[in-house]
Amino acid sequence: MTGAVAMTEEGALLFGSIEQLSERLWRGEISARELAEAHLRQIERIDGEIHAYLTVVAERALAQAEEADRRIARRRQEEGGAVDVRRLEPSERLVGIPWACKDVLCTEGVRTTCGSRMLEHFVPPYSATAVRRLDEAGAVMLGKVNMDEFAMGSSNENSAFGPTRNPWDLARVPGGSSGGSAAAVAAGEAVFSLGSDTGGSVRLPASYCGVVGLKPTYGAVSRYGLVAYASSLDQVGPIARSVRDCAIVFEAIAGPDPMDATSAPGPVPEVLPTLELGVKGVRLGIAPEYFGEGLSAPVREAVMGAVARLEREGATTVEVRMPHLEYALPVYYIISSSEASSNLARYDGVRYGLREPGDDVVAMFSRTRRAGFGDEVKRRIMLGTYALSTGYYDAFYVKAQKVRTLIRRDFEQAFERADVLVTPVSPSVAFRLGERVDDPLRMYLTDIYTLSVNLAGLPAVSVPCGFSPEGLPIGVQIIGPAFAEARVLQVARAVEAAVADQVAHRRPAVAVR
Ligand code: GLN
């Protein structure tokens with residue numbers, strides 16, 4: 001499993017950290033073109049089995065890589081040959097670094113499908129702000145990666161283009177909905193990726209694929225150009241192989257944006273300066289509600305094992321209560337489906353996307369929507385439309401909003417006594433393809449520990465903390481108060497360091513054989 005390939009030159013290119021790779025780029029030891037080519041070869045070699053990519057943009061990537069090489073060459077010349085890599089701005093660390101973009105973020109001139117037949121041939125005329133910021137930072141986009149249709153799902157099996165497979169076990173799901181984003185990073189098919197997280201879609205696949213995923217505070221990253229699922233819950237977040245890489249990408253994409261009225265004002269949040277401060281004196285909140293019925297033994301052991309290691313590093317634990325957590329699942333599915341039923345009304349065959357002709361406009365609408373949407377998307381639209389209908393609106397939608405406030409208050413009270421909460425990401429490790437597709441409720445329960453974070457708008461990170469007996473990765477979730485990204489990443493970094501002996505050296509066999 002550990003893979004000798006990681007020691008080869010190719011392995012070092014595919015599994016290097018952002019800082020390792022950027023040092024080599026700025027020192028002129030490797031070129032961005034070589035680095036991009038190594039990744040394109042890896043995609044060519046293994047993506048037939050993993051199916052993380054829906055679209056690979058090799059030519060565009062090589063052009064971006066050459067631009068990065070020119071940028072580096074110019075700077076080297078200006079500085080008389082050697083660039084002091086320690087003096088680079090954090091965002092300059094991304095020059096020439098290859099990444100993968102979830103197919104829910106608009107990319108100018110590059111097909112953006114959202115995992116749906118509805119947008120199979122949609123080529124956006126503009127890029128999402130997060131994508132544009134990475135373009136400007138000089139990162140190299142390799143392509144667009146697979147996802148559950150319109151980000152609705154927990155396994156990637158709802159993609160109209162076939163599921164992504166988990167690199168650790170090809171018979172299992174990578175988690176969803178950002179499954180392609182997590183699988184690509186785990187398998188050395190990208191250094192980092194962007195995902196979106198409405199109820200767990202960055203954290204869950206990060207956990208199932210053994211990588212790090214950050215769901216930022218609502219408003220920390222612009223949603224401009226993110227195809228809307230549930231607008232009061234959606235956030236864009238980075239996925240990477242280390243907490244530090246995740247932090248670098250977060251700083252590059254975060255900050256206010258005039259194109260998104262819900263993006264938070266104020267300076268770009270800094271998370272790197274405090275990353276290595278450790279957990280001495282940090283109060284870890286443990287809520288029994290996250291460790292009850294339904295949690296599998298290996299996940300419980302790995303999470304509690306990580307807590308014990310943090311305690312040895314000087315953290316303390318406090319018990320906190322989350323009395324309304326049990327309502328998070330119904331509240332989330334009422335609110336997210338209601339917002340989805342409204343957001344997805346725009347796919348009517350008129351302005352863009354699929355159009356199925358009909359005798360009149362109503363027939364055209366309904367034939368288009370029947371052909372364009374998959375079963376899960378239709379289920380959500382029906383649930384949401386029902387919850388918003390006259391006579392049911394107060395009983396479902398309004399009530400869900402009230403309970404949402406109670407959940408937010410539970411967190412506020414918990415954070416009076418604890419600096420962060422430590423919880424599992426998902427009740428189990430990655431499950432088998434097909435295992436839950438016929439049982440929506442069981443599928444929904446996969447997100448039981450992540451949904452409440454979105455309802456409260458908080459930042460949370462999933463960081464690997466161990467492996468199950470069958471060799472599948474397990475993540476632990478660190479949740480913080482609003483805009484405490486620096487704190488959750490600092491604790492996640494401490495977890496990463498504390499479990500390094502068990503986790504750091506392992507790579508999926510498919511990626512290194
Ligand atoms: N699995 C959840 C859902 O289907 C969350 C998805 C997400 O975060 N985009 O809604």
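Just follow the structure's listing: the first ligand is 1, and inside any ligand the first atom is 1. We number each residue from 1, following the sequence as shown.
Protein residues lining ligand 1, listed by chain and number: Ala151, Met152, Gly153, Ser154, Ser177, Asp197, Thr198, Gly199, Gly200, Ser201, Tyr229, Tyr332, Tyr333, Arg380, Asp447 [non-hydrogen atoms, distance under 4.0 Å].
At least one donor-acceptor pair under 3.5 Å links the side chain of Glu496 to the backbone N or O of Val243. Using modelled atom types, no side-chain atom of Thr217 and backbone atom of Leu458 make a donor-acceptor pair closer than 3.5 Å.
Sorted by first and then second residue, the pairs that involve residues 440-467 and meet salt bridge (Lys or Arg N to Asp or Glu O under 4.0 Å), not counting sequence neighbours, are Glu435-Arg442.
The side-chain tip of Arg241 does not point at the ring of Phe192 from less than 6.0 angstrom away and within 45° of straight on. Because its NZ or CZ atom is not both nearer than 6.0 Å to the ring centre of Tyr347 and within 45° of the ring axis, Arg369 does not count as a cation-pi partner of that residue.
Taking a cutoff of 4.0 Å between a charged side-chain nitrogen and a carboxylate oxygen, Arg409 and Glu412 do not qualify as a salt bridge.
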